[in-house]
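What you see is a predicted model; the values in this text were computed from it and never measured.
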Amino acid sequence: MEPIDIERLAEEFDTSDQSASILRSEPGTPSDVIPTVSIPVAFPEPLLDEIRRLADRRQVGVDRLLREWAEAGLRRQGTGA
């Protein structure tokens, strides 16, 4: 993923007309999107450090890595997500 040039992005939004996109938008959550819920989870610090290192090596966020592990565990148990 490329880094975001926030200055260029800000200038683009400051100098372009976004009204047509706004007028076409509709409120609400798209029906094909499954809502997510955040929950607090406590890990021993050394374990979380290892998880962070692995997530960095895979270039994903810790939350995504943990979700993938949870989904894989459920599939192995036959309760698939």
Side-chain angles (χ1 to χ4, degrees):
M1 175 179 249
E2 292 183 31
I4 297 172
D5 181 350
I6 196 71
E7 296 297 325
R8 183 192 60 76
L9 188 60
E11 184 173 336
E12 185 177 321
F13 274 97
D14 286 345
T15 59
S16 62
D17 182 4
Q18 301 296 318
S19 60
S21 296
I22 293 169
L23 291 172
R24 284 193 311 269
S25 68
E26 295 183 21
T29 303
S31 60
D32 62 339
V33 175
I34 299 171
T36 60
V37 178
S38 296
I39 61 168
V41 179
F43 289 96
E45 193 168 352
L47 176 59
L48 184 55
D49 289 342
E50 273 300 307
I51 294 169
R52 285 180 174 141
R53 279 192 284 277
L54 183 56
D56 286 344
R57 280 198 305 268
R58 293 185 180 187
Q59 298 182 341
V60 297
V62 169
D63 58 333
R64 179 173 173 183
L65 183 60
L66 293 173
R67 188 171 44 252
E68 287 175 3
W69 287 348
E71 290 170 349
L74 288 172
R75 281 192 302 275
R76 281 193 302 275
Q77 296 297 317
T79 61

Q | Straight-line distance of Leu23 CG to Gln18 CD, nearest 0.5 Å | A | 11.5 Å
Q | Spacing of Arg64 atom CZ and Gln59 atom CD [to the nearest 0.5 Å] | A | 11.0 Å
Q. Taking a hydrophobic cluster as the set of Ile, Leu, Val, Met, Phe, Trp and Tyr residues connected by side-chain heavy atoms closer than 4.5 Å, whether directly or through intermediates, do Leu48 and Ile39 fall within one such cluster?
A. yes
Q) Crowded around Glu45 CD? As in, over 12 foreign heavy atoms under 6.0 Å? A) no
Q: Could you please spell out the steps behind the side-chain contact (heavy atoms from CB on, under 4.5 Å) verdict for Phe43 and Leu66?
A: CA-CA 12 Å; Phe43 289 96; Leu66 293 173; 4.0 Å; yes
Q. Looking only at heavy atoms, which two atoms of Leu65 and Ile51 are closest? And how far apart?
A. CD2-O, 3.8 Å
Q: Please answer: with hydrophobic residues joined when any side-chain heavy atoms are less than 4.5 Å apart, are Val60 and Val41 in the same cluster?
A: yes
Q.
Nearest 0.5 Å, please: how far is CZ in Arg8 from CD in Glu11?
A. 9.5 Å
